[in-house]
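A short write-up of the structure that comes next.
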Amino acid sequence: MKKNEKYSFQSETKQLLHLMIHSLYSNKEIFIRELISNASDAIDKMRFKFLSNEHSDQKYRDMYIRILLDKKENKIVISDNGIGMTKQEIINNLGTIANSGTKSFLKSLNKENKKNNQLIGKFGVGFYSSFIVSDKVIVRTRHAEELNQNNGTLWKSDGKGEYTITSITKKEYGTDVELYLKKEEIDFLEDWKICNIVKKYSDHITIPIEIQEYDKKNKVFSWKQINTAQALWTLEKSKITDDQYKNFYKHITQDMNDPIIWSHNKVEGTQEYISLLYIPSKSHWDIWNRDQKKNGLKLYIKRIYIMDNAEQFLPSYLRFIKGILDTNDLPLNVSREMLQENNITHSLKTSITKRVLMLIKQLTKNNSQYQIFWKEFGLILKEGIAEDTKNQEKIAELLRFTSIKTNCIEQNLSLSEYIQNMPNNQEKIYFLTADSYATVSTSPHLEIFKKNNIDVLLLCDRIDEWMMNYLTDFKGKKFQSVNKIDDDLNKIVHEKSKSNNSLKKINTLLLKIQEVLKEKIKKVQLSYRLIDTPAILLIEKDAMSTQMSKLFMAAGQNIPPVQYIFEINPNHKLIKKISNLQDDKNINIWIQILFEEALLSERGSLDNPNDFINKINQIFINS
Ligand code: ADP
Ligand code: MG
């Protein structure tokens, strides 16, 4: 009698099992997809082993995935002759949730419990989906490197809280998954039903999937192949339907949403490769986690599966792209490390990057689709402006902005459109960055531009300030931040607004301001930019911007305070009022308030807000 060892599932696993059984009743059939996908992964690993190990003394066998429907015992057995699992592997793989996608999915559920039902269907729920239809599951497996037939492992569970492990004899290496169906699920024993499900989800799997047939006349069993088993990407484009492309995407990504667009290319010549690249419609949960190794393409070499998540073929700013690369130019025994410093990898990366940028450009032709893309991946794409200077112009072409004239928070204006709409005498592309749309769209810096009907790009994503440091021109036009001094501004504004205030009084006020604010400002001068605002802060042409200094401070860096140029609007009622005041003490407080107001508008915060409030209260009392 073999010894049974009892184990308890990890608590996360229990949670997942419970959730799945209660949420997936409308989409039960996916267990077939999941188990076939596992079998196919195991066979891919096995194939790779055979090919990379020339001295292997094991005989190469035909690879297959077999489905047996046993109506007597109400069970389905899905077998593969893939790599199999050792005892320790089975404990790790089928007792815990190893898959990080599933883990973060679980985390997200705690916050959004209400959406469980829709959400769970969008995930590759993996092996545990067997329990949606079964009340008992038995896995028999032997690792391919385990030559002793007596060292197989049996795993058994009812999916409630525990599983047992027993050692068994297993003749062939590989894995059999036996599902003992719940009474109400015996429909799944009909072979037409299984065939339809396999066709629907797993037709493109390159390994034959076979079902057992019984020939009543001759009373013999035989195996019949039910999938096409041809690598989709090797077929002619014209022979592939959109549905096939979409299903293949879902198979390789475990994403249940359709991709937005894809590009399938066969390249021959100095480079030889096939690429099938997809833009998803939703980003992966972990897209912002840079440690996450879930990015990259599925790599095949001469049709042989080599590895998942080969991120060496895409720059980081295109990490949302999914797909496969099948190349003839790399050796089969290539390792991740070898890929890193390989010239072939670099040239493949260059040409795949070009293809993806072309694909995104193609997407811009459809505005509504491009908005879906831009909302989901725009922030990531913006990283490319700094990361990939060679393709900077191409990437800049793909950026979308809000502006004074678009007058909405949606980013849907391209740089080319901006340039087309520029008046003849405008030479620069004007922009302004701030923390939020509300702040940037109401900034007093825009007053002069609004008055003169000149558009300004409004940028408020976190990455924007950093990006604009790298983006200095586009199609020969320079970028100009509207909160920096601009010698050319007077070329495009109609006229300098002349002060109709007494010049003498204003000059006295200017002197007074310099005296009160001292080294807090670089200098004070009259403004012709302002209409409704009394005072504003500007920055010298090459000085560090407010947003940049905020980024540095947030990163804990000690940097000297920004040296502002303080401009006052001589036509504003408040400025006139102050210039007419007699009481020196009062004027002092007013000047400080003016400055701090401008600082608040520019920076969004003050070093000492209470001090500012006290001054305002003081003024109220005095008036
Ligand atoms: P995932 O496939 O996303 O990793 P699963 O829950 O489907 O998650 O499977 C968990 C792990 O169990 C797999 O990663 C694999 O290591 C192992 N596994 C499952 N089925 C098989 C199989 N038929 N042969 C070998 N290993 C398997
Ligand atoms: Mg799986």
Side-chain angles (χ1 to χ4, degrees), residues 7 9-10 12-17 19-21 24 29-49 61 63-68 76-106 120 122-134 137-146 151-157 159 163 165 170 172-179 201-202 205 207 209-210 250-256 284-286 292-294 298 305 307-309 322:
Y7 294 84
F9 284 120
Q10 186 196 32
E12 278 171 324
T13 315
K14 285 187 204 162
Q15 192 190 348
L16 179 68
L17 277 164
L19 210 83
M20 204 157 41
I21 293 164
L24 276 179
E29 63 191 30
I30 58 156
F31 77 94
I32 302 259
R33 176 193 77 202
E34 296 296 332
L35 296 180
I36 287 181
S37 140
N38 286 350
S40 137
D41 288 349
I43 288 174
D44 276 341
K45 285 179 197 157
M46 193 64 215
R47 257 189 194 168
F48 178 60
K49 232 176 126 50
R61 292 189 302 182
M63 306 297 199
Y64 58 76
I65 298 169
R66 284 181 173 166
I67 305 176
L68 185 142
I76 301 180
V77 186
I78 300 182
S79 307
D80 66 70
N81 53 2
I83 191 93
M85 284 176 274
T86 62
K87 177 177 160 188
Q88 195 50 47
E89 279 171 343
I90 205 167
I91 292 172
N92 292 345
N93 295 336
L94 305 187
T96 62
I97 298 175
N99 184 325
S100 65
T102 317
K103 261 190 194 163
S104 40
F105 161 63
L106 273 178
I120 194 162
K122 296 194 169 154
F123 265 80
V125 282
F127 169 79
Y128 302 111
S129 60
S130 331
F131 289 102
I132 306 172
V133 293
S134 326
V137 177
I138 293 179
V139 179
R140 296 167 203 274
T141 184
R142 175 158 70 89
H143 195 276
E145 275 169 0
E146 179 54 71
N151 286 343
T153 309
L154 180 147
W155 179 102
K156 181 168 84 174
S157 176
Y163 60 93
I165 298 261
K170 189 173 185 306
E172 307 270 338
Y173 60 78
T175 306
D176 305 335
V177 181
E178 294 180 13
L179 310 173
Y201 293 111
S202 314
I205 292 216
I207 299 142
I209 302 173
E210 300 171 347
K250 291 175 184 176
H251 166 67
I252 60 168
T253 58
Q254 314 220 320
D255 179 0
M256 289 297 110
H284 190 267
W285 295 97
D286 262 355
Q292 160 73 25
K293 291 286 175 239
K294 281 273 164 183
K298 220 175 168 60
Y305 165 81
M307 64 177 84
D308 277 315
N309 310 323
K322 299 286 174 202

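One is the number of the first residue; the rest follow in order along the sequence. Because the structure is a prediction, the values reported are computed rather than measured. Atoms within each ligand, like the ligands themselves, are counted from 1 in listed order.
When only interatomic distances are considered, the shortest N/O to N/O separation between Asn38 and ligand 1 falls below 3.5 Å. Distances between N or O atoms of Asn93 and those of ligand 1 include at least one value under 3.5 Å. Residue Tyr128 has no nitrogen or oxygen atom sitting less than 3.5 Å from a nitrogen or oxygen atom of ligand 1, judged on distance alone. Not a single N or O atom of Ile83, backbone or side chain, sits closer than 3.5 Å to an N or O atom of ligand 1. For a threshold of 3.5 Å applied to N or O pairs, the pair formed by Glu34 and ligand 1 contains no separation below that value.
In this structure, Met85 is part of the shell of residues with a heavy atom less than 4.0 angstrom from ligand 1.
You'll find the side chain of Phe9 reaches within 4.5 Å of the side chain of Leu17, heavy atoms only.
Close contacts between ligand 1 and Ala42 involve ligand atoms 24 (N), 25 (C) [criterion: under 4.0 Å to a heavy atom]. Each of the following atoms of ligand 1 lies closer than 4.0 Å to a heavy atom of Leu94: 12 (O).
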Check your understanding: Thr153 and Thr86: side-chain contact (heavy atoms from CB on, under 4.5 Å), yes or no, with the steps?
Key -> CA-CA 7 Å; Thr153 309; Thr86 62; over 6 Å; no
Exercise for review: Show your reasoning for whether side-chain contact (heavy atoms from CB on, under 4.5 Å) applies to Ile91 and Trp155.
Suggested key: CA-CA 9 Å; Ile91 292 172; Trp155 179 102; over 6 Å; no
Review point. Would Ile205 and His251 satisfy side-chain contact (heavy atoms from CB on, under 4.5 Å), going step by step from the backbone distance to the final call?
Key: CA-CA 9 Å; Ile205 292 216; His251 166 67; 3.6 Å; yes
Review point. Does the pair Phe31 and Val177 meet the rule for a side-chain contact (heavy atoms from CB on, under 4.5 Å), with working shown?
Key: CA-CA 12 Å; Phe31 77 94; Val177 181; over 6 Å; no
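Under a 3.5 Å cut-off, the side chain of Tyr128 and the backbone N or O of Lys14 do not form any donor-acceptor pair.
Because the distance cut-off is set at 2.8 Å, Ser37 fails to qualify as a neighbour of the Mg ion (ligand 2), as none of its N, O or S atoms comes that close.
The distance from the NE2 atom of His143 to the NZ atom of Lys170 is 12.5 Å, given to the nearest 0.5 Å.
For Lys250, the NZ atom is densely surrounded, since the number of other residues' heavy atoms within 6.0 Å is greater than 12.
At a heavy-atom cutoff of 4.0 Å, ligand 1 is contacted by the side chain of Asp80 but not by its backbone. At a heavy-atom cutoff of 4.0 Å, ligand 1 is contacted by no atom of Leu35, backbone or side chain.
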